[in-house]
Amino acid sequence: LLKLASEQIFNLSDTKISAGFSARLSGNMSLFYGEIQYSLENRKNFLDNLGIDYKGLVCAKQVHGGNIKYVTEQDKGSGALNYGASIEATDAFITDKKNLPLAIFTADCLSVFLYDPKRQAIGLVHAGWRSSRESIVAKTIKLMEQEFHTNACDLHVGFGPAIRSCCYEVDKDFKDFFPKEVLEREGSFFLDLIRVNKRQAEESGVLETNIRDSGFCTFCRNEEFFSFRREGKSCGRMLSVMMLR
Ligand SMILES: [Zn+2]
């Protein structure tokens, strides 16, 4: 559970990428919430196991928007040691550069891993409901097509832990944004954020057989994962990371 390799995220045996997501056991990974010194230690311990240098991490100030950034060597280490140096207002990264570890921080929001083994390119997306409403996954795939000549049918997509439709109660208004993915149960409404992003990936041309879902609900399994909804704003953040080798 701690350090899931590419096989567990993509159901793909491939030594050219390192990818994983942390859980509660690895501790808080945020430099924005909590004690910085502990978060840096937690990052180092977690990333050492994946063979990734924590000082090279590319981090963003995530704003639940629709901005995607193509990051290169000059961005290496942005936000790795202090939050202020994170890339501004971005919720998704793409790159075709090796040894450039992309980071996304979550506690209920969905992390989406994208890997194009043919073009050797990757993407990592912070997909909360707002960014999902802005079709951030579809836009990230489009940008990979533009920048790397990715064919969506080659893409492998993996979903990290997130709050799921069992627990993600929303206002009825959400039906306007996600008519097919808001489910009604006993007069309450629940959003299936994973289904939203799966649909966007499939509509972009990703094959269903290339999509893999970790299946973990952060709210149900709060003893194993951080949950913003259950614990509040100051709860820990988990790290999703991916790097080309
Ligand atoms: Zn749940």
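Computed from heavy atoms alone, side chains included, the values below leave out hydrogens, waters and symmetry copies. Just so you know, ligand 1 is whichever comes first in the structure, and atom 1 is the first atom listed for that ligand.
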* Asked: Which ring-ring contact (aromatic ring centres under 6.0 Å, His included) pairs, counting each pair once, include a residue from residues 66-90, with sequence neighbours left out?
  -> F32-Y83, Y70-F148
* So, N197 side chain and Q200 main chain: donor-acceptor pair closer than 3.5 Å or not? -> no
* Among all residues two or more places apart in sequence or in another chain, which pass the salt bridge (charged side-chain N to carboxylate O under 4.0 Å, His left out) test with R164? -> D213
* Structure fact -> Given the options D96, T150, I122, I94, D116 meets side chain to side chain contact (heavy atoms under 4.5 Å, CB included) only with T150
* Sequence neighbours excluded, every pair satisfying salt bridge (Lys or Arg N to Asp or Glu O under 4.0 Å) that has a member inside residues 225-243 -> R24-E231
* NZ/NE/NH1/NH2 to OD/OE distance under 4.0 Å, R195 and E181 -> no
* Structure fact -> Within a strict 2.8 Å cut-off of the Zn ion (ligand 1), protein N/O/S atoms tallied 4
